[in-house]
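Comments concern the structure below.
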2 protein chains.
Amino acid sequence: MYNDKFYLEILKNKNSVFSDLSDTDKETLFNHHSCNRYKKGEIIFKEGNRPTALICLVEGKVKIFKEGVGGREQIVRLARPGGFIGYRALFAKENYLASAIAIEESIVCSIDKEDLYHIMENNVQICLKILQMTATELGMSNTRTVSLTQKHIRGRLAESLLFLIETYSFEDDNSTIKAYLSREDIANLSNMTTSNAIRTLSTFAGEKVISLDGRRIKILNLSKLRKISELG
Amino acid sequence: MYNDKFYLEILKNKNSVFSDLSDTDKETLFNHHSCNRYKKGEIIFKEGNRPTALICLVEGKVKIFKEGVGGREQIVRLARPGGFIGYRALFAKENYLASAIAIEESIVCSIDKEDLYHIMENNVQICLKILQMTATELGMSNTRTVSLTQKHIRGRLAESLLFLIETYSFEDDNSTIKAYLSREDIANLSNMTTSNAIRTLSTFAGEKVISLDGRRIKILNLSKLRKISELG
DNA sequence: TAAAAAAAGTGCGATTTCGCAATAATTTTA
DNA sequence: TAAAATTATTGCGAAATCGCACTTTTTTTA
């Protein structure tokens, strides 16, 4: 158990809401979890499905997105290892309002709803932590709404790049974003057309704010990127 | 106590998360709450403030909004009696990310953070209900992000009107929206300029979808309004 | 490894929405 | 109740962004 990625990322990891559980509870969760592997592009769940478990991302990257007007996709969130997927619908006792797709080879582990609630009902502190996490995400969602609606294209794209850095951090060179999204995904994250994402990335490269090599994005001038994001 | 609005709206009301509390707990909350009256336009809290209590709206209407690029306002949520204000920041243990202003004469009651947490820590079911409420609002926020970014002006305005109906319902005539917002607030709710809100409202009136009389908005064709909202 | 498919990049006219000024109507204040 | 302030309305020109077609490059598949 102690070498298992689920244990390490979800139960032991200091940032996980489960890190303060008793060893007994951790063992219970460990004994009840099940894992799945998804290839790039595979669907983990779709809008409208009923959640039956808490899905934990243990390895890889997953996009959570909604389909809007004319099927146009808006990425709501990107998950990283140690994070949960689809927990909102589970705790709201609703069907999924968004879909989840692996954007690279990923491993997810599931904790059955009943097992989870059993532990939550006997542990207020876990509930409060999950509540805190949910409330924090609600704040980010509201902030995001304002950014996506009010900032201009350059500001939105800059913000998305900063968001990618925050979520997936840099490679060892300390400047290459450790995420290799398609131009389309970058566009769907930033509320713009693919053409405009491409165009604006090129402009940033021309301004020496970033450099591009296929899907590899290197940040050359972080403070300028921040300024572009702030000015909208 | 049993005739008090705080008791009726917040503790007794079946829709409130506190409705299932024991009588003892209800009494404790009742004995610890304090009330305030705000005139139209008065600030209840501002972005950056530290939350110290759970604020409950007992009477009136309150807008929760964020200031974006160039001070431009985006209304994030509208509260109605029986609802909470600023609970997100409280449970996220953050400062407020939005401001709250009474849009009509309002009465709000506060439950001190410590009193509230004391009850929550001894009552998992309350925590789970608050979690459910927060997760539900997160879903609405994500849905709203997509609407506000992808729908065109007509769709956004139609959605806002439907949202006002859902939140504040109709007057006794079953067609006048029981909310009298300024054109500016309607615009800030719908992510558009005041001019465009006015223009588009006029267009709707010309199409006999609504009728206008100052701030009074009467819905003449609800299904058409729904269609406009859905088509974007 | 050649063909097919998918993704990336570019150009430009069409639309949407904004910005702002000017005016009118309504509400508040002295 | 008259003056001042706020809110509502209207009209364009300007700017931002989209839509879409077309080309090039990269990746996948047979």
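Lettering follows sequence order; numbering is per chain, from 1.
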Considering just the side-chain nitrogens and oxygens of [X], establish if one lies under 4.0 Å of OP1 or OP2 belonging to [N].
| X | N | value |
| --- | --- | --- |
| A:S182 | C:dA7 | no |
| B:S202 | D:dT10 | yes |
| B:R154 | C:dT16 | no |
| A:R183 | C:dG9 | yes |

Check: More than 12 heavy atoms of other residues, nucleotides or ligands under 6.0 Å from NZ of A:K40: is that the case?
Finding: no

Checklist line | Atom CG of B:D173 with >12 non-hydrogen neighbours under 6.0 angstrom | finding: yes

Can you tell me the distance, in whole Å, between the [atom1] atom of [X] and the [atom2] atom of [N]?
| X | N | atom1 | atom2 | value |
| --- | --- | --- | --- | --- |
| B:R215 | D:dT6 | CZ | P | 14 Å |
| A:Q150 | D:dT17 | CD | P | 13 Å |
| A:R216 | D:dT26 | CZ | P | 15 Å |
| B:N196 | D:dG11 | CG | P | 14 Å |
| A:D213 | D:dT25 | CG | P | 15 Å |
| B:K151 | C:dT17 | NZ | P | 13 Å |
| A:M192 | D:dA16 | CE | P | 14 Å |
| A:L181 | C:dA7 | CG | P | 13 Å |

Margin query: Between the base of C:dC20 and the side chain of B:S195, is one N or O donor paired with an acceptor at under 3.5 angstrom?
Written below: yes

Notebook entry, point to check: Looking at five pairs on each end of the helix from C:dT1-D:dA30 to C:dA30-D:dT1, what is the angle between the two axes, given to 10 degrees?
Noted result: 50°

Next item on the list: Examine distances only and state if a side-chain atom of A:T143 and a backbone atom of A:G139 form a donor-acceptor pair shorter than 3.5 Å.
Entry: yes

Margin query: For A:F6 and A:H33, take the angle between the two ring planes, folded into 0 to 90°, and tell me which bin it lands in: parallel under 30, tilted 30 to 60, perpendicular over 60.
Written below: parallel

Notebook entry, point to check: Hey, which of A:I75, A:N188, A:V76 is the one that makes side-chain contact (heavy atoms from CB on, under 4.5 Å) with A:K66?
Noted result: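 With A:K66 as partner, A:I75, A:N188, A:V76 yield a single side-chain contact (heavy atoms from CB on, under 4.5 Å), made by A:V76.
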
Check: Under the salt bridge (Lys or Arg N to Asp or Glu O under 4.0 Å) test, which residues partner B:E67, sequence neighbours left out?
Finding: none

Item checked: Residues which pass side chain to side chain contact (heavy atoms under 4.5 Å, CB included) with A:T134, listed by chain and number, not counting sequence neighbours -> A:Y87, A:I130, B:L131, B:T134, B:A135, B:L138

Next item on the list: Nearest-nucleotide wise, let me know which of B:T193 and A:T194 is further upstream toward the 5' end of DNA chain C.
Entry: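 The residue closer to the strand's 5' end, by nearest nucleotide, is A:T194.
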
Item checked: A:I198 or B:R199, whichever maps to the more 5' nucleotide of DNA chain C ->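 Counting from the 5' end, the first nearest nucleotide belongs to A:I198.
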
